[in-house]
Amino acid sequence: MKKLTPKSMDFSKWYVELIRKAELADYAPIKGMMVIRPYGYAVWENIQSLLDKRIKQTGHSNAYFPLFIPESLLQKEIEHLEGFSPEVAWVTHGGREELEERLAVRPTSEAIICQMYSKWINSWRDLPVLINQWANIVRWEKATRLFLRTTEFLWQEGHTAHETYEEAQKETLMILSLYKEFVETELAIPVISGKKTEREKFAGALDTYAIEALMSDGRALQMGTSHNLGQHFSKVFNIKFEDRNQDLQYVWQTSWGVTTRLIGALIMSHGDDSGLKFPPRVAPIQVIIIPISIGDWKENVLPVVKNIKSILDQAGMRVKIDEREEFTPGWKFSEWEMKGVPLRVEIGPRDIKKNQALLVRRDTMKKETFHLDSLKEKVPEILEEIQGNLLDEALKFQMENTNGTQNYEEFKAIIESKKGFIKAFWCGSEACEEKIKEETMASIRVVVLKEEEYKPVGKCAFCEKKSEDLVYFARAY
RNA sequence: CGGGGCGUGGCGCAGUCUGGUCAGCGCACAGCGUUCGGGACGCUGGGGUCAGGGGUUCGAAUCCCCUCGCCCCGACCA
């Protein structure tokens, strides 16, 4: 395990090296595909359980739909088909037999789920339908990148059906704020949220909303999307119900998802030149205990260490003891720093005599000794502090790298020199959006949602027309 | 998919221009011993059809052609 390429020297190299050295993932022998290794998968499992809880608390249930979607179903919603067809993988044969109809490997599941919803929904009494699934997705991307864009990825996709537009809209926005809360609380990554422009919205949606975060190289990353599908799908899939007035109506739908890309965001938001820095809430290992192996440590140190582990285990923490004899303590320190474990506990013979342990925080690298009896209280306290500190640091970074301007020349200068978010006004025309993207490579990440009490007015960053749409621009992944 | 770069034991590289003396180094790995509070050391040992295929040549890691993969910059996208 050698040193990492410094982040400031070559961000991409740093990112890929870190993923492989920390054993999060590895390249698979198929183009654009990766293996998520146990340590990386453990992060995903933590993300899953924390998010799944929220999804269920808001009334949704999990289900599972088929991996394959018949071509005829995918074709029903025309925008949807056109949006996804360039990246669909097709199954053409079953065994030796050519299939009568090609099967798409799901690039998303609207089509197959809508097909089922049309059978299940008859009355307003059947609504709302609130279903989520955890699944794998295949999109034949041209350029891939570990965790951020791979040919196959894991995600959760929620698919709901409602009686009215208002209800669907409420669901869409509820999920948007659920995502924001989840990502900020558990992943310690601050996000901005808002609506996508027509150009950036989901293929087949009425409106798309998203949360976006700033990575530490100054580029934005879409972290989650929530779509109000309107009646686009219900009309073509014939999802009708008899409403409270005995009139036949098409349902109003939503869909929303977050993916294994979140792991990429964790790496890029918090990582440094020593490696990963996992927020405690999603860290596979929260506390690594390193017994200092000197002299008769096995008799004197190890039993104490094991006792501490069991106390912390019982308090609900994820704790590991590194008692490997083939590595020196110094080597282990570096290794676990690379792997982003939030808190290290060092205990050697010297400490045993004084009934103390040395605690080292991954985020600040600060060292402090504590009495062994206080660890049960101190450790969770420090973990909470680390969680908070990581969010604060990321928030500070986001604020420092968010600039406002109403002047296009200044806009261009900011994008070139500092990157980050640019908060600006936009007249709403696709032409301006397109021009800016062409000339600066910055796209509109989100249009800020209007609130009752706050209605800003300004002039479009490009054409200088009067505008009420405040937007965030950035160069994005 | 366009432009550029790269591909040599697990990882990082040298060797490629100028074909032969070239399968080499560091780390990692295995065994033994001494070590161990910030990436220890000694001795011994295992591992590579030089990304794959084809060609030129008496002879190819080295020259030519094709294919694949990875990285970077664009276009597209969770």
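The chains referred to below are lettered A, B, ... by the order of the sequence lines, with proteins before strands, and numbering in each begins at 1.
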Can you tell me the Watson-Crick or wobble partner of B:rA51, both distances under 3.5 angstrom?
-> B:rU67
Pair A:Tyr15 + A:Phe147: ring centers closer than 6.0 Å = no
Please figure out whether A:Tyr477 or A:Met33 has its closest RNA chain B nucleotide nearer the 5' end.
-> A:Met33
For B:rA78, which nucleotide is its Watson-Crick or G-U wobble mate, given both distances must be under 3.5 Å?
-> none
In whole angstrom, give the distance that lies between atom OH of A:Tyr27 and atom P of B:rC70.
-> 7 Å
Using a 4.0 Å heavy-atom cut-off, write out nucleotides 1-11 of chain B from 5' to 3' as B (base contacted by protein), S (sugar-phosphate only) or - (no contact).
-> B----------
On the ring face of A:Tyr477, is A:Arg219 found with NZ or CZ under 6.0 Å from the centre and within 45° of the axis?
-> yes
Within 45° cone and under 6.0 Å: A:Lys76 NZ/CZ vs A:Phe233 ring | no
For A:Lys367, report the nucleic acid contact type (base, sugar-phosphate, nothing); a contact means any heavy atom under 4.0 Å.
-> base
Pull out every protein N or O sitting under 3.5 Å from an N or O of nucleotides 32-36 of chain B, one pair per line with the distance.
residue: B:rC36; atom: N1; partner: A:Ser293; partner atom: O; Å: 3.3
residue: B:rC36; atom: O2; partner: A:Ser293; partner atom: OG; Å: 3.1
residue: B:rC36; atom: N3; partner: A:Ser293; partner atom: O; Å: 3.3

Does B:rA30 have a Watson-Crick or wobble mate here (both distances under 3.5 Å), and if so which one?
-> B:rU44
With sugar-phosphate meaning primed atoms plus P, OP1 and OP2, does A:Ser12 contact a base, only sugar-phosphate, or nothing at under 4.0 Å between heavy atoms?
-> sugar-phosphate
Looking at A:Arg145, does any N or O in its side chain come under 4.0 Å of the phosphate oxygens OP1/OP2 on B:rC72?
-> yes
Between CD of A:Glu141 and C1' of B:rC71 the distance, given in whole Å, is 17 Å
So what's B:rG9 paired with, Watson-Crick or G-U wobble, going by both distances under 3.5 Å?
-> none
Rounding to a whole Å, what distance do you find between A:Asp10:CG and B:rC70:P?
-> 18 Å
Take the protein atom CE of A:Met215 and the nucleotide atom P of B:rA78, then report the distance between them rounded to whole Å.
-> 16 Å
Starting at atom CD of A:Glu212, determine the distance to atom C1' of B:rA78, rounded to an integer number of angstrom.
-> 10 Å
Pair A:Phe202 + A:His80: ring centers closer than 6.0 Å = yes
Is the distance between the ring centroids of A:Trp252 and A:His232 under 6.0 Å?
-> no
Could you state the atom-to-atom distance from CD of A:Glu335 to P of B:rG38 in whole Å?
-> 17 Å
Using a cut-off of 4.0 Å on non-hydrogen atoms, how would the nucleic acid contact of A:Met441 be classed: base, sugar-phosphate, or nothing?
-> sugar-phosphate
Spacing of the C1' atoms in B:rG9 and B:rC50 (rounded, Å) = 10 Å
A:Leu262 near the nucleic acid: base, sugar-phosphate alone, or nothing, with a heavy-atom cut-off under 4.0 Å?
-> nothing
For residues A:Trp256 and A:Thr254, is any side-chain donor paired with an opposing acceptor at under 3.5 Å?
-> yes
Just checking, is any N or O donor in the side chain of A:Tyr209 or A:Gln169 under 3.5 Å from an acceptor N or O on the other one?
-> yes
Gap between atoms CH2 and P, on A:Trp331 and B:rC27 respectively (whole Å) | 15 Å
Is a donor-acceptor pair below 3.5 Å formed from side chain A:Glu346 to base B:rG38, judging by atom type as modelled?
-> no
Distance, rounded to the nearest Å, where A:Trp256 contributes CH2 and B:rA78 contributes P = 18 Å
Assign each of A:Phe333 and A:Arg139 to its nearest nucleotide of RNA chain B by heavy atoms, then name whichever residue's nucleotide is nearer the 5' end.
-> A:Phe333
Could you go step by step and tell me if A:Ile36 and A:Thr260 meet the side-chain contact (heavy atoms from CB on, under 4.5 Å) rule?
-> CA-CA 10 Å; A:Ile36 303 176; A:Thr260 34; 4.1 Å; yes
With A:Lys320, which residues qualify under side chain to side chain contact (heavy atoms under 4.5 Å, CB included), at least two apart?
-> A:Ile285, A:Ile288, A:Trp336
